[in-house]
Amino acid sequence: MESLGNWRRSAYCGGVSKDLIGGEVTLMGWVQKRRDHGGLIFVDLRDREGLVQVVFNPSAGADVHLKAHGLRSEYVIAIKGAVSKRPEGTENPSLKTGGVEVLAGELKVLSDAEVPPFMIEDECDAGEDVRLKYRYLDLRRPALQKNLRLRHRVCQGARDYLSGDGFIEMETPMLTKSTPEGARDFLVPSRLNAGHFYALPQSPQLFKQILMVAGFDRYFLIVRCFRDEDLRSDRQPEFTQIDLEMSFVDTSDVMAVAEGLLARMFKEALGVELKTPFARLTHDEAVGRYGLDKPDVRFALELRDVTDIVKGSGFKVFADVASKGGVVKALNAKECAAFTRKELDEMTELAAIFGGKGLAWVKVTEEGWQSPIAKFLTDGERKRIDAAVDAAPGDLILFSADKKEVVNAVLGRIRVKLGKRLGLIPKDSMSFVWVTDFPLFEYDETEKRYVAMHHPFTSPMDEDAGKLESAPLEVRSKAYDIVLNGEEIGGGSIRIHDQKVQSKVFGLLGMGTEEARAKFGFLLDALSFGTPPHGGIALGLDRILAIMTRSESIRDVIAFPKTQKAFCPMSEAPSEVDKKQLDELSLRVVKKG
RNA sequence: GGGGCCGUAGUUAAGUCGGUUAUAACGCUGGCCUGUCAAGCCAGAGGGCGCGGGUUCGAGUCCCGUCGGCCCCGCCA
């Protein structure tokens, strides 16, 4: 290995252009590929800006040529040489620098390299476990470099936009207080307070509200959040939010800022102009028509309620469900009457995953219904159903009958599946939709109490506030989610700024006065000292980037993600710690047995 | 906590009904080669099938357990 000495890079490999022809350059980078012809040796040299071909010609220096013979993939080298137009017929149009090459005059091997466990190229087919173990090699791949540099630009755009709109970037604690509600906390033991723990923030929620109390008026943060829950392709234990909060505003103000912010981020990232304002659906509409509170509105295929049509029918399954307060809904899979038994079974299996006990189907033909349930329904009922779902010969109607929540979940997911399978989703479409008017509370059957649908600090709608005690489940909230292509990419709300209302909500959530004081006393205190009406939103940066980059998983837009077991194969975190460390923290590990 | 798919050279994969010495491609090593860029040609090395049991004359193939990866349900205000 050689030292850099007084050599300094004069250009990036990917930046060697025709303009430099005739000049000398000093390049530094990684050996992508060596093609040794015995005489001529070609080396593709790579840095973050791209590749350039370096030519080692024995006639230009026998010793340098000999040295180049020993180069291997991923060696880090520096070369000095002349930029030259490539000889006629040897240009490589698939390379940005394919019209030129660098004739090496001097070579330094700055670092040699082991044979990498997988090849550093975009079409890398190595498994994700190997790639995560050697993440530094994986990150050398142009695809990941591109994703992470996009991440930088998007963040930069967000900072610019928000700073320009009067938002102040602040900092909130990472060592904070564990609070009930919400996700499981990551805990950090306190050495100076034996037996006491900090929690890593699930979001800066309370602190940003308190900054509003403190009069900062507009705050933002691009901030890491932590939730100790099971992972998914769109969920990591630590993830990044673009978090903002504003004072003296109502829902429409926050939504307008979020739209402007997203428009700026997409302009920055993809060069596309988003049309604002975005479409809006109430929670009721979203769930009713699409089955989910994160509707993919890129295609229709909407759910239709046929409960009224079948409630008095001879089909016992439907009639029973209807009489017990359940619903029967239908989905018209246009032109899918040719579905095989196997395909129908797959749909039923999918329904089962989401709690559906079955899935009735009807193939609509010129002669009428072909279906196991046809004989249970009258001609009139069948006609009314046909009309309800706009059925035409060749269509396939799928039914789910159950409790409302189950029917919506089942048909909502089947709708998405069908949308993909039938190619109903327009490529390159970015369909944003706001979902508003969420219920303030849900009833949790296992805990036997109300739980906040968004979070406990969400303000009820002014016109519903009177129903807080009389009919909590009918109270709608000032919460809003932003959904992109069927994925939730953000959510927020106008907060409660009245201490009395906040106390009342805590009470409805089953928290006694004392408990509320113990858990959220600081918030209640703060609210009592003059609080502006305020609200905000948090955008899921990783998810947005995954959509922008068409990544299957947010792991592809995070430099150092974790596996599904929340393990980092590179650093091997989490790990056991020394007994001494545990002693200092007054901790003892209890093996589960 | 649960369901599904998957663990075979460095990597990606094949391996039939259980049957000689476990295949291939890429990569790697050596040699030849002055216009390649998926370089080419020749030669070669490299694994005992995630791990532990079991069944069997015989297990990469079957069974049980376990570990790990991915997808999903629950969970994620």
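Here is the naming used below: chain letters follow the sequence lines, and residue numbers restart at 1 for every chain.
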**Q** Can you tell me, in whole Å, how much space there is between the C1' of G74(B) and that of G58(B)?
**A**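 Roughly 45 Å separates the two C1' atoms.
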**Q** Taking 5.5 Å and 30° as the limits, would you call Phe42(A) and the base of U36(B) a stacked pair?
**A**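 Taking the rule of under 5.5 Å and under 30°, the ring of Phe42(A) does stack on U36(B).
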**Q** What does Thr458(A) touch in the nucleic acid at a heavy-atom separation under 4.0 angstrom: a base, only the sugar-phosphate, or nothing?
**A**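 Here Thr458(A) touches no strand at all.
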**Q** When you get a sec, tell me which of U11(B), U34(B), C72(B) is the closest nucleotide to the side chain of Ile353(A)?
**A**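 Ranking U11(B), U34(B), C72(B) by closest atom to the Ile353(A) side chain puts C72(B) first.
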**Q** Roughly how far, to the nearest 0.5 Å, is the CG atom of Leu359(A) from the CD atom of Glu346(A)?
**A**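 Answer for the CD-CG pair, Glu346(A) versus Leu359(A), is 12.5 Å.
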**Q** For G69(B) and Lys133(A) - does any side-chain N or O of the residue sit under 4.0 Å from the phosphate oxygens OP1/OP2?
**A**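 The answer is no; no side-chain N or O of Lys133(A) sits under 4.0 Å from OP1 or OP2.
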**Q** How close or far is atom C1' of C72(B) from atom CD of Gln564(A), stated in whole angstroms?
**A**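 That distance rounds to 8 Å.
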**Q** Nearest to the Arg413(A) side chain among C73(B), G27(B), G35(B), which nucleotide is it?
**A**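 That would be C73(B).
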**Q** Give a yes or no on whether a donor-acceptor pair under 3.5 Å exists between the nucleobase atoms of C75(B), that is its base, and the side chain of Arg235(A).
**A**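 Side chain to base: pair present.
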**Q** Rounded to the Å, how far apart are Phe354(A) CZ and G3(B) P?
**A**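 Atom CZ in Phe354(A) sits about 17 Å away from atom P in G3(B).
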**Q** Apply the syn/anti split at 90° from 0 to G31(B) and say which one it is.
**A**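 Classified anti.
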**Q** Reckon Gln202(A) has a side-chain N or O less than 4.0 Å from the OP1 or OP2 of C76(B)?
**A**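 No, because none of the side-chain N or O atoms of Gln202(A) sits under 4.0 Å from OP1 or OP2 of C76(B).
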**Q** If you measure only the distance, is there a donor-acceptor pair under 3.5 Å linking the side chains of Thr549(A) and Ser551(A)?
**A**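 Their side chains do contain a donor-acceptor pair, which is all the 3.5 Å distance test asks for.
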**Q** Can you find a donor-acceptor pair, distance only, under 3.5 Å between Glu121(A) side chain and G27(B) base?
**A**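 Side chain to base: no pair present.
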**Q** After noting the C-alpha distance and the side-chain angles of Phe438(A) and His283(A), does the key distance pass the ring pair (Phe, Tyr, Trp, His ring centres under 6.0 Å) rule?
**A** CA-CA 5 Å; Phe438(A) 283 82; His283(A) 180 261; 4.9 Å; yes
**Q** Looking at G74(B), does its base get a donor-acceptor pair with the side chain of Arg232(A) below 3.5 Å?
**A**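 Check passes, donor-acceptor contact within cut-off.
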**Q** Check for me: is His37(A) stacked on G35(B) by the 5.5 Å centroid and 30° plane-angle rule?
**A**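 No, the aromatic ring of His37(A) does not stack with the base.
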**Q** For a quick test of reading the model: is some side-chain N or O of Arg555(A) closer than 4.0 Å to OP1 or OP2 of C71(B)?
**A**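 For Arg555(A), the contact criterion (side-chain N or O under 4.0 Å from OP1 or OP2 of C71(B)) is met.
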**Q** Looking at every non-hydrogen atom in both residues, tell me the closest pair between Pro456(A) and Phe506(A) and how far apart they are.
**A**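 In terms of heavy atoms, the two residues are closest at CB-CE2, 4.0 Å.
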**Q** Under 4.0 Å, heavy atoms only, any strand: does Arg34(A) hit a base, just the sugar-phosphate, or nothing?
**A**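 The residue Arg34(A) makes no contact with any strand.
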**Q** When you match Phe457(A) and Phe118(A) each to their closest nucleotide on RNA chain B, which lands nearer the 5' end?
**A**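 By nearest-heavy-atom nucleotide position, the 5'-most residue is Phe118(A).
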**Q** Touch check for Glu91(A), heavy atoms < 4.0 angstrom, all strands: base, sugar-phosphate only, or nothing?
**A**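 Base, at least one base atom sits under 4.0 Å.
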**Q** How is Pro87(A) classified with respect to the nucleic acid when contacts are heavy atoms under 4.0 Å: base, sugar-phosphate, or nothing?
**A**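 The answer is base, as Pro87(A) lies within the cut-off (heavy atoms under 4.0 Å) of a base atom.
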**Q** With rounding to the nearest 0.5 angstrom, report the OG1 to CE distance, Thr176(A) to Met174(A).
**A**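 Reported to 0.5 Å precision, the distance equals 9.0 Å.
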**Q** Determine the contact category for Pro569(A): base if any of its heavy atoms lies under 4.0 Å from a base atom, sugar-phosphate if only primed atoms, P, OP1 or OP2 are that close, otherwise nothing.
**A**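 Nothing, no heavy atom under 4.0 Å.
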**Q** Taking atom C1' of U29(B) as reference, at what distance in whole Å does atom CZ of Arg72(A) sit?
**A**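 From Arg72(A) CZ to U29(B) C1': 8 Å.
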**Q** For Ala183(A) and for Gln53(A), locate the closest nucleotide of RNA chain B by heavy-atom distance; then report the residue assigned to the nucleotide nearer the 5' terminus.
**A**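 Closest to the 5' end, via its nearest nucleotide, is Gln53(A).
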**Q** So which heavy atom on Thr458(A) is nearest to which on Ala479(A), and how close?
**A**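 Scanning both residues completely, I find the closest heavy atoms to be CG2-CB, 4.0 Å.
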**Q** What contact category does Asp125(A) fall into here, base, sugar-phosphate, or nothing, at under 4.0 angstrom with non-hydrogen atoms?
**A**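 Answer is sugar-phosphate: Asp125(A) comes under 4.0 Å of backbone atoms only.
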**Q** May I ask you to evaluate whether Ser233(A) reaches the phosphate of C72(B), defined as a side-chain N or O under 4.0 Å from OP1 or OP2?
**A**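 The answer is yes; a side-chain N or O of Ser233(A) sits under 4.0 Å from OP1 or OP2.
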**Q** Can you tell me how far P of C33(B) sits from CG of Leu66(A), to the nearest Å?
**A**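 Interatomic distance, CG of Leu66(A) to P of C33(B): 14 Å.
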**Q** Starting from C1' on C6(B), measure out to NZ on Lys565(A) and report it in whole angstrom.
**A**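 Result: 14 Å.
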**Q** At 4.0 Å (heavy atoms only), tell me whether Asp228(A) reaches a base, stays on the sugar-phosphate, or touches nothing.
**A**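 It contacts nothing in the nucleic acid.
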**Q** State the pairing partner of G7(B); accept Watson-Crick or G-U wobble contacts with both distances under 3.5 Å, and report none otherwise.
**A**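 Here G7(B) is engaged in a pair, and the nucleotide opposite it is C67(B).
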**Q** Given atom CZ of Arg184(A) and atom C1' of G74(B), what is their separation to the nearest angstrom?
**A**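 Distance, rounded to whole Å: 11 Å.
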**Q** State whether the distance check finds a donor on one side and an acceptor on the other, under 3.5 Å, for side chain Asp230(A) versus base G74(B).
**A**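 Indeed there is one.
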**Q** Side chain of Val115(A), heavy atoms from C-beta onward: which of U11(B), G35(B), C28(B) has the nearest atom to it?
**A**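 Within the option list, the nearest is C28(B).
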**Q** Within the modelled atom types, does a donor on one side and an acceptor on the other bring the side chain of Arg86(A) and the base of C37(B) under 3.5 Å apart?
**A**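 Flag set: donor-acceptor pair detected.
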**Q** Can you name the residues that form a ring-ring contact (aromatic ring centres under 6.0 Å, His included) with Phe220(A), not counting sequence neighbours?
**A**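 Applying ring-ring contact (aromatic ring centres under 6.0 Å, His included) to Phe220(A) gives none.
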**Q** Looking at Val83(A), Ile21(A), Val16(A), Val55(A), which hits side-chain contact (heavy atoms from CB on, under 4.5 Å) with Glu101(A)?
**A**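 With Glu101(A) as partner, Val83(A), Ile21(A), Val16(A), Val55(A) yield a single side-chain contact (heavy atoms from CB on, under 4.5 Å), made by Val55(A).
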**Q** Taking any strand in view, what nucleotide pairs with A24(B) in a Watson-Crick or G-U wobble way, both distances under 3.5 Å?
**A**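 Pair assignment: A24(B) / U12(B).
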**Q** Between Thr90(A) and U36(B), is there a contact of a side-chain N or O with OP1 or OP2 at under 4.0 Å?
**A**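 Looking at the OP1 and OP2 atoms of U36(B), neither is under 4.0 Å from any side-chain N or O of Thr90(A).
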**Q** For Leu45(A) and U36(B), what is the distance between atoms CG and C1' respectively, to the nearest whole Å?
**A**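 Whole-Å distance recorded here is 16 Å.
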**Q** Could you tell me which nucleotide pairs with C41(B) by Watson-Crick or G-U wobble geometry, both distances under 3.5 Å, or answer none if nothing does?
**A**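 Because both required distances fall under 3.5 Å, C41(B) counts as paired with G31(B).
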**Q** Round to a whole Å and report the spacing from CG of Asp444(A) to P of G74(B).
**A**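 Those two atoms, CG and P, are 13 Å apart.
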